[in-house]
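Keep in mind the model is a prediction, meaning the values are calculated, not measured. Residues take their numbers from the sequence shown, with the count starting at 1.
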Amino acid sequence: MTSTFPVSLEFFPAKTPDGVAKYAAVRRELYALKPAFCSVTAGAGGSTHKGTLSMVQDIFSEGVEGAPHFTCVGASTDSIRDALAQFRDAGIRRIVALRGDLPSGYGSFGEFRYASDLVAFIRAETGDHFHIEVAAYPEMHPQAKSPQADLQAYAAKVHAGANSAITQLFFNADAYFRFVDEARKLGADVPVVPGVMPITNASGLIRFADNTGAEIPRWIRLRLQSYGDDVESIKAFGLDVVTDLCERLRAGGAPGVHLYTMNQSGASLALFKRLGW
């Protein structure tokens with residue numbers, strides 16, 4: 001079957017000239033999926049701001065909307081205001097607004113303690129110029145005090161002016177649907193797009209999930225570990241798992257999917273070929 005189910009893609013900025021060329025080739029391959037937009041991550045404390053902006057500008061030059069991840073931790077109102085001016089000058093209309101992680105050596109959060117503070121500031125400074133994406137955590141942010149506190153923090157971002165949300169990766173569709181239902185009860189009824197990561201590498205996925213607080217169900221973790229270094233079996237099993245997840249999400253009414261590409265094209269293309277989307 002064919003589908004117009006929306007997809008967006010996430011990349012991280014290149015650190016070398018070779019990386020710039022390599023990731024440009026990956027993007028060209030993934031544009032076959034006709035993404036609504038492509039987001040580009042930022043390092044702790046906005047440490048890759050220049051590289052993030054450069055890649056977003058490259059994506060625009062390739063005919064696709066780009067959206068920078070924009071972190072506020074450790075920032076001042078002046079630095080945030082300057083960055084917003086840069087974004088406007090570059091023609092950017094979509095931002096992924098995040099608190100971000102404190103880089104090592106920082107003693108305080110700066111003038112913006114929460115992502116909701118950043119969202120409110122962007123709205124106060126720029127009105128409706130930007131479409132603001134925020135993060136959502138179906139299985140709870142790893143630093144949240146409780147699921148209820150995490151939901152309140154998410155709702156605060158929406159009430160501050162967020163247009164939509166992208167979730168942390170997850171493998172439990174029920175957690176996503178419950179999060180959406182509970183957020184709506186708090187009046188946070190913007191679209192929540194599930195973040196999905198194709199599985200290509202067991203150790204990398206487990207490390208990434210452990211660092212972000214995302215749960216890999218025990219049966220998936222054990223199966224991945226049982227394959228050892230059998231990369232083809234890992235990819236085949238991973239494709240089955242993520243295909244089933246995406247089908248459940250679409251059937252349950254998810255508004256699209258946001259693919260964590262890890263700057264690779266093969267697994268995402270294989271996933272959409274299997275899905276027939």
Side-chain angles (χ1 to χ4, degrees), residues 7-16 18-19 22-23 25-27 29-30 32-33 35 38-44 48 69 98 101 135-144 166-179 193-252 254 256-277:
V7 59
S8 52
L9 308 173
E10 183 166 301
F11 301 97
F12 53 82
K15 296 181 179 179
T16 66
D18 286 345
K22 176 184 175 182
Y23 298 159
V26 168
R27 290 196 303 273
E29 293 171 353
L30 285 171
L33 301 180
C38 297
S39 70
V40 182
T41 65
T48 61
H69 285 212
L98 307 164
D101 297 321
Y137 297 86
E139 296 171 330
M140 196 177 86
H141 190 286
Q143 296 174 354
I166 300 168
T167 77
Q168 178 60 273
L169 79 96
F170 61 90
F171 293 100
N172 185 338
D174 290 337
Y176 165 80
F177 291 121
R178 177 175 286 276
F179 176 88
V193 178
V196 173
M197 179 179 284
I199 299 174
T200 60
N201 177 291
S203 60
L205 174 68
I206 291 170
R207 183 170 59 252
F208 187 89
D210 289 346
N211 287 340
T212 59
E215 180 190 4
I216 300 177
R218 187 170 182 270
W219 71 273
I220 295 178
R221 185 184 289 255
L222 291 175
R223 183 70 68 86
L224 288 172
Q225 291 171 337
S226 74
Y227 291 128
D229 296 327
D230 185 350
V231 176
E232 292 308 312
S233 292
I234 291 171
K235 289 181 178 179
F237 172 69
L239 182 58
D240 288 343
V241 168
V242 179
T243 297
D244 180 66
L245 174 64
C246 288
E247 288 176 336
R248 286 196 63 195
L249 291 169
R250 186 183 184 194
V257 292
H258 183 76
L259 292 181
Y260 294 108
T261 71
M262 303 305 289
N263 288 15
Q264 299 177 34
S265 61
S268 295
L269 292 173
L271 172 63
F272 269 64
K273 183 178 180 180
R274 171 76 69 83
L275 288 164
W277 293 353

Can you measure from [atom1] ([X]) to [atom2] ([Y]) and round to the nearest 0.5 angstrom?
| X | Y | atom1 | atom2 | value |
| --- | --- | --- | --- | --- |
| K22 | N263 | NZ | CG | 8.0 Å |
| Q225 | I234 | CD | CD1 | 10.0 Å |
| L239 | T200 | CG | OG1 | 11.5 Å |
| L259 | E10 | CG | CD | 10.0 Å |
| L169 | I216 | CG | CD1 | 7.5 Å |
| K235 | D230 | NZ | CG | 11.0 Å |

For a 4.5 angstrom cut-off between non-hydrogen side-chain atoms, does [X] reach [Y]?
| X | Y | answer |
| --- | --- | --- |
| L30 | S268 | yes |
| L245 | Y176 | no |
| L205 | F171 | yes |
| E139 | Q168 | no |
| F272 | V257 | yes |
| S39 | H69 | yes |
| R178 | D174 | no |

Centroid-centroid under 6.0 Å between F179 and Y137 rings: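 Distance test on ring centres: not under 6.0 Å, no.
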
Residues in ring-ring contact (aromatic ring centres under 6.0 Å, His included) contact with F11, at least two apart in sequence or another chain: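 Partners of F11 under the ring-ring contact (aromatic ring centres under 6.0 Å, His included) test: none.
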
Taking all heavy atoms of [X] and all of [Y], pick out the closest pair and write down the distance.
| X | Y | answer |
| --- | --- | --- |
| T41 | P13 | O-CD, 3.3 Å |
| Y227 | S233 | CD2-CB, 3.5 Å |
| Q264 | V26 | C-CG1, 3.8 Å |

Aromatic ring pairing Y260/F208, orientation class (parallel under 30°, perpendicular over 60°, tilted between):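 Aromatic pair Y260/F208 classed tilted.
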
R274 atom CZ, neighbour heavy-atom count above 12 within 6.0 Å: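 Yes, CZ of R274 has more than 12 neighbouring heavy atoms, counting only those of other groups under 6.0 Å.
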
Side chains of S8 and H258, donor plus acceptor under 3.5 Å: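 Short answer, yes.
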
Pairs satisfying side chain to side chain donor-acceptor pair (under 3.5 Å), at least one member in residues 206-220, at least two apart: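 Matches after skipping sequence neighbours: D210-R221.
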
